[in-house]
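Keep in mind that this is a model prediction, so the values were computed, not measured. Every number for a ligand or one of its atoms is a count from 1 in the order of the listing.
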Amino acid sequence: MSSRTKNIPKKIRERVADLCEQLERHNRLYYVEAQPEIFDVEFDALLRELQNLEAEYSVLATPDSPTQRVGGEPLDGFETVDHAVPMLSIDNTYTYDELRKFDERVLKGLKEGDAPAYVVELKLDGVAIALRYEKGTLVRAITRGDGVRGDDVTKNVQTIRSVPLKLEGNPPGTLEVRGEVFMRRQELERINELREKEGEAPLANPRNTTAGTLKMLDSKEVAKRRLDIFLYDIAPIEGATLDSHQDTLGRLERYGFSVNPLREVCSSIDAVIAQCDAWDAQRRDLDYETDGLVVKLDNQAQRERLGATSKSPRWVIAYKFPADVARTKLLGISVQVGKSGAITPVAELEPVALAGTTVKRASLYNFEDLERKDLRVGDIVEVQKAGEIIPQILRFVDDEGHENLAAFKPPTECPACGTELQKDPEGVFVRCLNLACPAQVKERLAYYASRGAMDIEGLGPAIIESLVDSGLVKDPSDLYRLKAETLQELDRMAEKSAQNLIDGIGKSRTQSLSRLLNGLGIRHVGGATAEILANHFRTMDALAKATEEELKDIHEVGEIVAATVADFFDTPENQALIERLRNRGLTLEEAQETDGGPKLFEGKTFVVTGKLEEFTRDGMHSLIKKLGGRPSSSVSKKTDFLVAGADAGSKLKKAQELGVAVLTESEFLAKAETTS
Ligand code: IVH
């Protein structure tokens with residue numbers, strides 16, 4: 001015990017150690033083994049207890065504490081460090097012919113009669129990383145870099161939930177493991193949905209997002225993006241003797257690392273090729289991206305016999321899948337105006353089939369990108385499904401007289417209102433700063449009416465278009481002055497649909513403050529931030545009066561949000577808009593008390609079966625719903641809990657087969673009563 005911890009009561013020290021151990025265990029059960037034993041809120045409560053103890057007794061906050069996963073103080077930059085053992089690259093192949101040649105070389109290099117066994121793994125499309133553990137504790141994480149030196153991204157990697165901060169199962173004193181950090185598609189979708197709500201451009205693909213995230217200076221931001229990892233190698237360190245790759249993977253699993261279960265041992269190159277074929281067809285069903293397979297000789301003695309060239313080992317090769325690329329004609333480049341005035345080019349394409357969908361438009365991100373690629377209307381272009389989410393234009397194909405086409409001139413004026421465009425000081429975007437720009441007004445109204453905001457049924461793009469073009473609506477407050485007769489005339493709408501729209505607009509008067517705040521489209525304020533602000537301030541007036549400092553003091557609000565919110569409410573036009581909304585009868589207060597904090601069963605699916613004693617079936621369903629859970633009638637892999645009463649039959653059996661957690665009625669009740 002160090003002299004600094006001596007004065008701390010033994011009970012506290014023991015509790016901190018116990019919490020660290022419990023949290024790491026539950027973390028592993030959840031993120032590595034996908035078999036959680038406790039609810040998220042229970043985990044959060046343990047974490048909070050540890051955070052509080054560490055805040056009180058700061059010497060107990062060790063670098064391997066689970067509290068490190070939420071991120072720490074921002075860094076000024078990353079240190080470049082040498083790898084203890086260089087990270088070699090591997091040769092790529094693109095055809096089965098090349099794979100057979102690799103096999104021939106391997107056979108030649110082995111002893112007569114030695115039969116090779118290959119382990120075939122998915123080649124993850126992420127960022128390669130080396131993790132160093134000393135006495136079982138993660139001490140350093142370095143990106144591959146050029147293979148000899150990489151960036152020290154330890155603080156960021158500590159936030160990755162599937163990276164163990166402490167190892168299990170008797171690891172050696174020093175251990176370096178290698179693997180790939182990546183992002184699941186679903187996570188990118190989640191981030192992009194949030195970005196869309198905040199009016200930010202979507203991130204193009206998981207690989208670039210992973211690389212970008214690992215290089216963020218603020219580890220708190222990294223913690224918010226849920227990166228993942230698979231380990232696939234142990235670096236050769238003196239004294240360690242590993243017999244085979246399968247031995248390595250087994251050890252990695254025992255130490256508590258996440259290892260991709262999708263791998264196959266093949267005893268011939270034909271079997272390897274069959275795997276390549278199968279994965280080329282199935283890879284799009286995975287929830288992460290893979291750009292190929294890695295074929296590794298299993299046996300360590302055989303590996304040593306083959307050795308390495310200066311660049312790469314001779315016992316391993318990558319097979320890269322053919323990319324999803326299609327050629328089509330660039331018919332036009334249109335220009336979009338976003339709700340905060342950002343101007344983005346969009347490629348209009350001759351429809352073309354690509355990776356299972358028909359692509360007609362592609363993102364061009366920004367004008368700098370467009371200029372770099374020198375795309376011209378009329379070009380034949382190569383389109384790729386980047387991240388298989390947003391199609392992207394790679395380049396033009398220079399056989400259709402590109403030189404004779406006119407170069408694209410980026411607009412200098414807003415296509416909707418003619419205002420001169422300004423370069424965004426924060427980035428590569430150009431913006432129209434005219435708040436009254438009809439294109440922006442339409443975008444803002446559409447956002448105001450959208451489901452996540454004021455949820456006004458019937459207020460779609462076509463009606464918004466004619467309301468704005470006719471000059472009837474300039475901002476959301478004008479909606480509340482509309483009359484059914486005007487709508488009927490304007491849109492030649494049927495009497496009934498005009499009245500429905502008026503009713504829908506009317507109903508939105510009583511929407512919550514958080515929805516209204518979201519609907520106002522303040523930059524960087526989407527649904528989640530709006531809810532935090534509404535819960536904190538309770539009324540629009542209190543929020544409007546808050547200073548930037550007060551806003552910053554709210555735990556979840558960062559500097560940028562604080563500055564934009566304060567700026568929004570300081571702007572006279574916005575103050576006037578809020579006054580108009582007030583005068584038109586909108587609720588500018590949070591109506592009912594919110595439940596406060598997360599719900600115990602949030603996001604969990606329950607199936608109830610068998611005869612219950614304390615509850616009726618409906619009664620239990622409504623309690624589940626009240627606590628944020630979702631009752632369902634059939635058991636599947638997605639079920640989190642089965643509540644089994646007496647004489648439970650096939651559902652219980654199925655739950656047991658699928659490894660779904662089973663609760664008795666009284667266990668369920670005990671859980672439910674911890675909050676209700
Ligand atoms: S093995 C010496 N296995 O692909 C062998 N690499 O140069 C080291 N990668 O960026 C690499 N998945 O990070 C191996 N299952 C896998 C992999 C994998 C992805 C990456 C690796 C590196 C590149 C190979």
S.K.: Heavy atoms under 4.0 Å from ligand 1: which residues qualify?
M.R.: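 Only S89, I90, E121, L122, K123, L124, A128, E180, Y232, V294, K296, P313 have heavy atoms that fall under 4.0 Å of ligand 1, ordered by chain and number.
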
S.K.: Any Lys/Arg nitrogen of E289 or R185 sitting under 4.0 Å from an Asp/Glu carboxylate oxygen of the other?
M.R.: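 Salt bridge present between E289 and R185.
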
S.K.: Can a donor-acceptor pair be found, under 3.5 Å and without considering hydrogens, that links the side chain of R184 to the backbone of D287?
M.R.: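 Checking the backbone N and O of D287 against the side chain of R184, no donor-acceptor pair under 3.5 Å is found.
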
S.K.: If the plane angle is over 60° it's perpendicular, under 30° parallel, otherwise tilted; pick one for F367 and F408.
M.R.: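 Aromatic pair F367/F408 classed parallel.
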
S.K.: Thinking salt bridges, do R69 and E24 make one under a 4.0 Å N-O criterion?
M.R.: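 Looking at R69 and E24, the cut-off is met.
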
S.K.: Verify whether one side chain among T213 and R225 offers a donor that lies under 3.5 Å from an acceptor in the other.
M.R.: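 Looking only at side-chain atoms, R225 and T213 do form a donor-acceptor pair, the distance falling under 3.5 Å.
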
S.K.: Given H402 and F396, is the ring-ring contact (aromatic ring centres under 6.0 Å, His included) satisfied, shown in steps?
M.R.: CA-CA 8 Å; H402 169 82; F396 65 82; 3.5 Å; yes

